[in-house]
Amino acid sequence: MSDLEIRFFNSLGRRLERFEPLVPGRVGLYTCGPTVYNHAHIGNLRTFLFEDLLKRALAFLGLDVVHVMNLTDVDDKTIRGASEQGVDLDTFTQPFIDSFFEDLATLNVVPADHYPRATRHIAKMIEVIAALVERGHAYVSDGSVWFRIASDPDYGKLSGARPDQARVGERVAADEYETEDVRDFVLWKGAKEGEPAWDSPWGPGRPGWHIECSAMSAEILGETFDIHCGGVDNLFPHHENEIAQSECATGKPFVRYWLHSEHLIVEGKKMSKSLGNFYTLKDLIAEGRSPRAIRYLLVSVHYRQKLNFTFEGLEAASSALRRVDEMRFRLRNAPLSEQPSDRIQRRVEQFLDRFRQGLADDLNISLALAALFDFVRDVNKAIEEGSLGAGDDRRIEEALGQADRVLGLLDMPWGVAAAGEAPGGPSDAEIEARIAERNEARKRRDFARADAVRDELAAAGVVLEDTPQGTRFKRTT
């Protein structure tokens with residue numbers, strides 16, 4: 001790990017804090033994954049991309065990250081969906097799990113180390129609930145087990161919820177409920193006809209939503225770990241309840257740093273199917289939108305700021321990426337003098353230093369991107385001046401490659417829309433073959449065919465440039 005101080009805004013205490021992992025050099029990271037009853041929408045994806053950026057940044061700054069992301073495959077929504085289709089939970093949820101992983105791959109998200117499914121960790125959930133009952137923090141009633149909020153003097157320390165305002169005995173059985181509710185919440189739901197159920201010391205039933213994350217994180221990362229992330233909508237009740245049940249069960253601190261991403265809105269309005277502004281990634285790709293530009297837009301706004309998703313913003317994202325692509329294209333063909341440039345070496349170091357400083361400052365992506373585009377501008381200037389020397393092109397590309405370990409944008413594989421094209425675009429070899437076909441057509445003076453090949457490649461996002469040294473190509477967004 002570098003000597004650079006890393007700071008994050010900790011939702012627990014609502015302040016900027018120096019980040020110091022429990023084990024030097026190693027980070028335990030838990031992120032709330034999807035409830036797999038539907039396809040993920042772009043608001044969900046904004047959170048998952050923030051978490052991807054965080055994990056990449058921590059690794060870039062010299063830390064080893066163990067990342068756990070859960071899959072909620074048993075809750076009110078998945079049970080209702082399976083019942084409506086007349087299938088079991090696994091049959092109902094698997095297509096949405098597959099869809100989720102397809103979205104992550106399309107957006108070039110680094111896979112987590114573990115993807116625990118709630119239905120595979122019931123035994124650990126029962127173990128945690130049993131500890132809560134034994135310690136007097138939970139009670140059995142109506143065939144279910146409930147967490148007694150009044151037994152936890154620290155309840156509300158994350159969200160500011162006021163347990164003293166709750167009426168004794170008031171309870172909520174739903175997995176999700178209104179943010180003003182402060183009531184005893186369900187840990188284990190007694191079996192209902194037609195619902196999946198598992199055996200437990202309190203009779204057959206199934207877990208409540210909140211206990212799932214507490215159990216799975218403890219089983220994989222331990223009873224205390226470094227960072228827990230999610231959208232701001234998870235802060236209460238879900239994360240508040242996770243803290244209460246985990247700390248009351250173990251007597252230990254649960255999570256040291258809580259990071260929450262803000263909401264995504266669309267064209268200035270809350271995303272809603274009724275407003276016609278509800279989008280999944282698949283919807284946007286079907287409209288011909290670039291996965292690469294979508295990733296850029298979703299990571300380019302600081303995670304603690306609301307993100308206004310607009311189609312104008314997507315165009316601006318494509319334009320920004322094109323600036324980098326065009327500089328790299330020019331760099332590949334720039335003349336180099338025999339001696340390397342000390343100026344370029346210093347500029348590379350300055351760029352990477354600014355980039356690191358931005359990331360270390362609560363994941364300040366605006367500063368990191370500013371460092372990148374200032375660097376692009378300066379490299380363009382050096383190319384125009386003819387001041388690049390031997391090896392400078394390699395140094396510049398290596399610096400861009402280091403930055404892209406975090407951004408995940410510059411060299412997205414073609415199947416993930418390498419330069420903004422929809423998946424399935426031509427490979428380099430295929431492009432070279434089309435160029436050869438065009439050259440043959442020109443030799444035959446079949447200019448109509450040569451122009452047609454150029455137009456077909458342009459439609460696939462590939463621009464040709466004829467030079468004295470031959471035909472070159474570049475991909476565009």
Side-chain angles (χ1 to χ4, degrees), residues 30-38 40 44 47-48 68-83 89-90 92-93 96-97 100 115-130 132 137-138 141-149 152 155 158-159 161 171-192 195-198 200 202 204-220 228-249 254-255 258 260:
Y30 187 91
T31 61
C32 281
T35 300
V36 286
Y37 73 102
N38 208 335
N44 305 137
T47 296
F48 300 141
V68 180
M69 176 183 280
N70 71 296
L71 302 174
T72 298
D73 60 350
V74 55
D75 79 326
D76 294 344
K77 292 176 180 177
T78 58
I79 291 171
R80 183 165 55 248
S83 177
L89 269 180
D90 281 356
F92 173 74
T93 58
F96 299 118
I97 293 172
F100 172 66
Y115 288 104
R117 293 173 62 157
T119 53
R120 311 306 195 252
H121 294 265
I122 302 295
K124 181 63 177 180
M125 297 172 202
I126 291 173
E127 178 187 319
V128 176
I129 295 169
L132 289 167
H137 294 291
S141 177
D142 303 326
S144 298
V145 184
W146 304 83
F147 183 86
R148 183 181 284 112
I149 283 179
D152 180 13
Y155 190 90
L158 179 69
S159 65
R171 300 193 296 241
V172 59
D175 287 326
E176 299 177 86
Y177 47 92
E178 296 301 318
T179 56
E180 65 268 18
D181 285 338
V182 183
R183 296 185 279 176
D184 290 353
F185 58 90
V186 69
L187 300 166
W188 185 262
K189 297 187 177 187
K192 293 182 181 178
E195 289 192 355
W198 290 262
S200 81
W202 317 284
R206 55 99 168 176
W209 174 40
H210 309 298
I211 198 66
E212 295 177 4
C213 286
S214 286
M216 291 186 286
S217 62
E219 193 159 31
I220 300 172
H228 196 315
C229 296
V232 69
D233 53 312
N234 285 149
L235 195 147
F236 183 87
H238 184 48
H239 290 164
E240 190 71 72
N241 290 353
E242 279 190 64
I243 293 173
Q245 63 203 9
S246 296
E247 297 190 351
C248 287
F254 177 40
V255 175
W258 290 86
H260 291 93

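Quick note: residue numbers are just sequence positions, from 1.
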- request: Looking only at non-hydrogen atoms, find the nearest pair between Thr47 and Gly231 and report the distance.
  value: CG2-N, 3.7 Å
query: Just by distance, do the side chain of Ser144 and the backbone of Gly190 share a donor-acceptor pair under 3.5 Å?
result: yes
query: Does a side-chain heavy-atom distance below 4.5 Å link Pro116 with Val68?
result: yes
message: With a 3.5 Å distance limit and no angle check, can you tell me whether Ser246 reaches the backbone of Ile243 through a side-chain donor-acceptor pair?
response: no
Residues Ile211, Gln245; criterion side-chain contact (heavy atoms from CB on, under 4.5 Å); working and verdict: CA-CA 7 Å; Ile211 198 66; Gln245 63 203 9; 3.7 Å; yes
message: Just verifying a value: how many Å separate Cys213 SG and His121 NE2, rounded to the nearest 0.5 Å?
response: 11.5 Å
message: Going by the rule salt bridge (Lys or Arg N to Asp or Glu O under 4.0 Å), which residues pair with Lys192 if we only count those two or more places apart in sequence or in a different chain?
response: none
query: Roughly how far, to the nearest 0.5 Å, is the OH atom of Tyr30 from the CZ atom of Phe254?
result: 7.5 Å
task: Kindly give the heavy-atom pair with the smallest separation between Cys32 and Phe48, and that separation in Å.
output: O-CE2, 3.5 Å
field: From Trp146 atom CH2 to Asp184 atom CG, the distance as rounded to the nearest 0.5 Å
entry: 8.0 Å
query: Does a side-chain heavy-atom distance below 4.5 Å link Trp188 with Ser200?
result: yes
- request: Please round to the nearest 0.5 Å and tell me the distance separating atom CG of Asp152 and atom CD of Glu247.
  value: 7.5 Å
query: Could you state the interatomic distance from OG1 (Thr35) to NZ (Lys77), rounded to the nearest 0.5 Å?
result: 6.0 Å
Side-chain donor/acceptor of Glu240 to backbone N/O of Ser159, under 3.5 Å: yes
- request: Taking the side chain as every heavy atom from C-beta outward, state whether Tyr155 and Val182 have any pair of such atoms under 4.5 Å apart.
  value: yes
statement: For Thr72 and Thr78 the tightest heavy-atom approach is O-CG2, 3.9 Å
query: So do Trp198 and Val74 actually touch side chain to side chain, heavy atoms under 4.5 Å?
result: yes
task: Test Phe147 against Asn241 for side-chain contact (heavy atoms from CB on, under 4.5 Å), laying out the working first.
output: CA-CA 9 Å; Phe147 183 86; Asn241 290 353; over 6 Å; no
- line: Heavy atoms of Arg183 and Arg171 approach each other most closely as NH1-O, 3.3 Å
- prompt: What pairs with Arg148 under salt bridge (Lys or Arg N to Asp or Glu O under 4.0 Å), at least two apart in sequence or on another chain?
  reply: none
- prompt: Which class fits the ring pair Phe100 and Tyr115: parallel under 30°, tilted 30 to 60°, perpendicular over 60°?
  reply: perpendicular
message: Please verify the inter-ring angle class for His210 with His238; under 30° counts as parallel, over 60° as perpendicular, anything in between as tilted.
response: tilted
statement: To the nearest 0.5 Å, atom CD of Glu127 lies from atom NZ of Lys124 at 3.5 Å
- prompt: Between Phe236 and Ala161, which heavy-atom pair has the shortest distance, and what is it?
  reply: CE1-CB, 3.6 Å
- prompt: Any salt bridge between Asp75 and Lys189, counting N to O under 4.0 Å?
  reply: no
field: Glu212 side chain near Met125 side chain, heavy-atom distance below 4.5 Å
entry: yes
message: To check you understand the geometry: which heavy-atom pair defines the closest contact between Ile126 and Trp202, and what is its length?
response: O-CH2, 3.6 Å
Check: Arg206 and Ile79 side chains under 4.5 Å, non-hydrogen atoms: yes
task: Side-chain contact test, heavy atoms from C-beta onward, threshold under 4.5 Å: evaluate it for Thr93 versus Arg117 and give yes or no.
output: yes
field: Contacts of Phe96 that satisfy ring pair (Phe, Tyr, Trp, His ring centres under 6.0 Å) - sequence neighbours left out
entry: His39, Phe92
field: Close side-chain approach of Asp73 and Arg120, heavy atoms under 4.5 Å
entry: yes
